[in-house]
Each structure stands twice: as structure tokens, then as C-alpha cells.
Amino acid sequence: MRYLFLFLLFFNLSQAQIKISSWNLKNFGKSKSDNQILFIAQTLKDTDIIAIQEVVAGYGGPQAVARLAEELNRTGSKWDYAISDPTDSSLYRSERYAYLWKTNQVKLQGRPFLDHFFKDVIEREPFIIRFKYQQSIFTLINFHAVPKKHQPEREIKYFKHYPKYYKTNHLIVLGDFNCPETHSVFNPLKKLGYQPAFVNQKTSLRQKCIEDDCLASAYDNFIAHPDYIEIKKSEAVHFYRSFNSLEEARSLSDHLPITIEIEL
């Protein structure tokens with residue numbers, strides 16, 4: 001019986017499972033009300049790590065992230081957070097990224113940073129962070145591509161270089177790609193073994209629902225290598241169903257939050 005207990009203990013320790021969410025929160029800044037911040041916290045409180053895109057570049061952006069962290073801390077776990085500097089793009093499209101995480105689940109490794117190596121070819125250069133969970137270290141690459149009309153594939157094509165730069169790290173590329181995973185620009189990553197967590201899953205909201213269909217495009221995703229990051233579950237959260245109208249939901253965000261449960 002003792003050996004069975006030790007085996008189960010070792011088995012459980014060796015299964016490093018965590019839950020990660022990503023959400024484009026549409027001009028996340030001082031315009032977000034306290035009720036909206038509360039709604040976001042309640043929606044994401046069961047995850048271990050949250051990645052946010054489209055944090056306002058000005059003062060209101062970091063303030064909104066701090067408000068969200070404060071609200072998450074009221075849900076029963078201790079949260080920490082990191083906010084990027086404004087991206088090195090035009091003033092009109094410059095923004096920030098953010099991460100929030102449960103401190104009892106993962107430990108920050110080093111300082112998160114904007115990847116300025118690609119700042120001349122990617123308008124909103126990715127925000128990179130490393131975490132340790134049990135004995136595993138993994139890297140998240142948070143990205144918000146330019147809008148579809150500006151050809152986001154011109155930026156996404158550079159992501160094929162990341163596995164070469166981070167040979168010893170478990171990589172997860174995530175965020176709002178403004179481009180479906182079926183596009184050929186993802187083929188170089190797929191040839192390296194990387195796979196999207198969502199296939200044909202629409203994640204952006206229409207301006208108006210067509211009958212019961214309120215989703216527009218398959219833009220948000222997680223991309224990881226199954227040999228290193230096993231995605232046990234993926235879910236797009238249809239948060240807009242909690243609102244009285246699509247217009248009201250869109251004032252919070254025009255994208256769904258997406259979540260994965262992974263095993264390292």
C-alpha cells in the first residue's frame with residue numbers, strides 16, 4: 001500500500017498541468033467600469049495565467065491591469081502581474097500587453113520583455129515571459145497582429161524563428177493573430193511540429209448576430225508543440241451570452257477569451 005501511495009504521489013508530481021487564458025480586451029483602460037473589471041475577474045479567476053492584448057498605451061492601461069489584479073485577489077488566490085512598455089509602433093496602433101498569474105501556481109523566471117528584435121517588421125512586437133511550474137520552465141509569447149486589412153501574415157511569418165531562438169524552452173505562442181490558423185503562413189511552424197489549440201473556432205464578435213450566430217472570424221489561438229506541451233483541453237468562452245445585448249458585450253470586448261489546460 002505504501003508503494004502504491006508513493007507511485008501515485010510521484011505520478012501526480014510528474015503531471016504538470018496548468019490553465020492559461022488569453023483575451024483581447026479591446027482598449028483595456030480607464031474606460032472599463034468597475035462592473036466590467038469584476039466581470040472579467042469572475043470569468044478568468046479559475047485560470048492560472050492570463051495573457052491580455054490591447055491594453056491602452058497611456059496611463060489608463062496599467063491602471064486597468066492593476067484594478068483587475070486587485071479584483072482577482074478578492075477571489076481567493078494571490079495574483080501578480082506584469083505590463084509591457086508601449087509597443088514600438090505608430091502612435092495610433094501602439095499598445096501594451098499584460099500577464100497576470102497565481103503566485104502559488106507558477107513562479108516568474110527573469111523579467112518579461114518586448115521582443116525588440118522584430119520591432120522593425122512587427123508593429124506590436126510580442127511580449128515574452130517565462131514561468132516555472134514544479135520542475136518545468138515554459139515560455140509564453142503574447143502577440144497582437146495588425147488588422148486583417150494590413151496583412152497580418154507579413155508579421156506572423158517571422159514566428160517560425162522562435163523555436164530556433166528558444167531551443168531548450170517549452171514555447172506557447174498565443175494571442176490575437178487577426179488571421180485564421182488555416183492560413184499558409186502558419187505552415188512553417190506546423191512543419192516544425194507546432195499545432196494550434198483551436199481549429200475553425202471563431203473567436204471575434206460580429207457587429208450584429210445573424211440569427212443565433214454572433215461570431216465572425218477565427219483569429220485567437222494558442223500554438224504549441226505537442227511533444228513538449230500537451231493540450232488536454234481547449235475552450236472558447238462565450239461571455240457575450242451573459243449580457244443583455246451584443247452591443248453591451250462588445251463594449252467589454254469584441255473577442256472571446258480562450259483557455260487551454262496543458263500538461264508539460
Side-chain angles (χ1 to χ4, degrees), residues 20-28 50-55 84 87-90 92-99 114-115 117-128 139-166 171-207 210 213-226 229 231 234-240 250 253-260:
I20 307 172
S21 293
S22 173
W23 201 352
N24 178 331
L25 277 171
K26 188 185 179 183
N27 297 321
F28 191 53
I50 301 166
I52 299 175
Q53 303 88 46
E54 209 166 304
V55 177
S84 76
T87 55
D88 197 14
S89 56
S90 65
Y92 176 71
R93 284 200 288 264
S94 181
E95 59 187 53
R96 301 175 190 262
Y97 300 93
Y99 291 104
L114 285 172
D115 190 356
F117 184 80
F118 290 117
K119 69 182 180 64
D120 293 329
V121 290
I122 297 178
E123 275 208 25
R124 295 178 290 229
E125 61 271 30
F127 189 38
I128 300 176
T139 300
L140 304 182
I141 302 174
N142 191 358
F143 176 56
H144 184 198
V146 293
K148 183 179 180 180
K149 64 181 179 181
H150 295 292
Q151 299 178 298
E153 60 270 19
R154 292 186 298 108
E155 299 183 330
I156 297 169
K157 68 181 181 182
Y158 293 101
F159 281 74
K160 65 185 179 184
H161 298 296
Y162 275 115
K164 176 175 61 179
Y165 296 152
Y166 295 94
L171 292 179
I172 304 176
V173 182
L174 60 93
D176 174 9
F177 297 92
N178 278 314
C179 187
E181 94 290 337
T182 54
H183 194 288
S184 61
V185 72
F186 291 102
N187 286 347
L189 275 175
K190 291 177 180 177
K191 287 179 181 178
L192 292 172
Y194 286 78
Q195 296 295 324
F198 297 90
V199 177
N200 296 321
Q201 170 62 63
K202 293 180 179 180
T203 57
S204 65
L205 296 181
R206 296 181 184 271
Q207 294 286 341
I210 300 176
D213 185 5
C214 300
L215 300 180
S217 302
Y219 283 167
D220 304 84
N221 223 317
F222 294 88
I223 300 173
H225 198 300
I229 306 285
I231 298 175
S234 58
E235 179 185 14
V237 182
H238 295 249
F239 79 98
Y240 59 91
R250 284 178 59 88
S253 178
D254 52 357
H255 286 254
L256 302 182
I258 56 172
T259 299
I260 56 172

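- Distance check, rounded to the nearest 0.5 Å: CD1 of I231 to NE2 of H225 gives 12.0 Å.
- When every heavy atom of P147 is checked against every heavy atom of R124, the shortest pair comes out as CD-NH2, 4.1 Å.
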Going through the distances and angles, do T87 and F127 end up as a side-chain contact (heavy atoms from CB on, under 4.5 Å)? CA-CA 9 Å; T87 55; F127 189 38; over 6 Å; no
Please assess L114 against D88 for the test side-chain contact (heavy atoms from CB on, under 4.5 Å), listing each intermediate value before the final yes or no. CA-CA 9 Å; L114 285 172; D88 197 14; over 6 Å; no
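- Between the side chain of K26 and the main chain of R250, a donor-acceptor pair closer than 3.5 Å is present.
- Put simply, the residue from H144, H255, Q201, K202 that forms a side chain to side chain donor-acceptor pair (under 3.5 Å) with D220 is H255.
- N27 contributes no side-chain N or O that, together with a main-chain N or O of E54, makes up a donor-acceptor pair within less than 3.5 Å.
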Are F239 and W23 close enough, and set up right, to give a ring pair (Phe, Tyr, Trp, His ring centres under 6.0 Å), and what steps lead you there? CA-CA 11 Å; F239 79 98; W23 201 352; 5.2 Å; yes
For side-chain contact (heavy atoms from CB on, under 4.5 Å), just list the numbers for L205 and L256, CA-CA rounded to whole Å, side-chain angles, deciding distance to a tenth of an Å, and then say yes or no. CA-CA 7 Å; L205 296 181; L256 302 182; 4.0 Å; yes
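- Side chains of L189 and P196 form no contact here, defined as non-hydrogen atoms less than 4.5 Å apart.
- When atom types are taken as modelled, the side chain of E153 and the backbone of C179 share no donor-acceptor pair closer than 3.5 angstrom.
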Apply ring pair (Phe, Tyr, Trp, His ring centres under 6.0 Å) to residues F186 and F177 and explain how you reach the verdict. CA-CA 11 Å; F186 291 102; F177 297 92; 5.7 Å; yes
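- The nearest pair of heavy atoms linking A145 to P152 is CB-CB, 3.7 Å.
- In this structure, CG on D176 lies 11.0 Å from CG on L25, to the nearest 0.5 angstrom.
- Minimum interatomic distance between S234 and A197 (heavy atoms only, all atoms of both residues): OG-O, 3.5 Å.
- Here OH of Y166 is found 6.0 Å from CD1 of I141. Values are rounded to the nearest 0.5 Å.
- Residue-environment remark: NZ (K148) stays at or below the threshold of 12 foreign heavy atoms within 6.0 Å.
- Between the side chains of Y219 and N24, no donor-acceptor pair of N or O atoms lies under 3.5 Å.
- Of all the heavy atoms in Q195 and P226, the pair that sits closest is CG-CD, 4.4 Å.
- I172 pairs with exactly one of N142, I223, I229 by the side-chain contact (heavy atoms from CB on, under 4.5 Å) rule, that one being I229.
- Every residue meeting the ring-ring contact (aromatic ring centres under 6.0 Å, His included) condition with H238, not counting sequence neighbours, appears here in chain and number order: Y240.
- Between the side chain of R96 and the main chain of S84, a donor-acceptor pair closer than 3.5 Å is present.
- Taken to the nearest 0.5 Å, the OH atom of Y99 stands 11.0 Å off from the CD1 atom of I52.
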Kindly indicate, with the supporting measurements, whether the criterion side-chain contact (heavy atoms from CB on, under 4.5 Å) is fulfilled by R93 and H150. CA-CA 12 Å; R93 284 200 288 264; H150 295 292; 3.3 Å; yes
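- Paired with I122 under the rule side-chain contact (heavy atoms from CB on, under 4.5 Å), one option of E155, R154, K157 passes, and it is E155.
- Atoms OG and CD1, on S21 and I50 in that order, are 6.0 Å from each other to the nearest 0.5 Å.
- Y165 and F117 have perpendicular rings, their planes meeting at more than 60° on a 0 to 90° scale where under 30° would count as parallel.
- Between V173 and Y194 there is no side-chain heavy-atom pair separated by less than 4.5 Å.
- Atoms CG and CZ, from N178 and F143 in turn, are 8.5 Å apart once rounded to the nearest 0.5 Å.
- Counting only distance, with no hydrogens or angles, the side chain of S204 and the backbone of S217 share a donor-acceptor pair below 3.5 Å.
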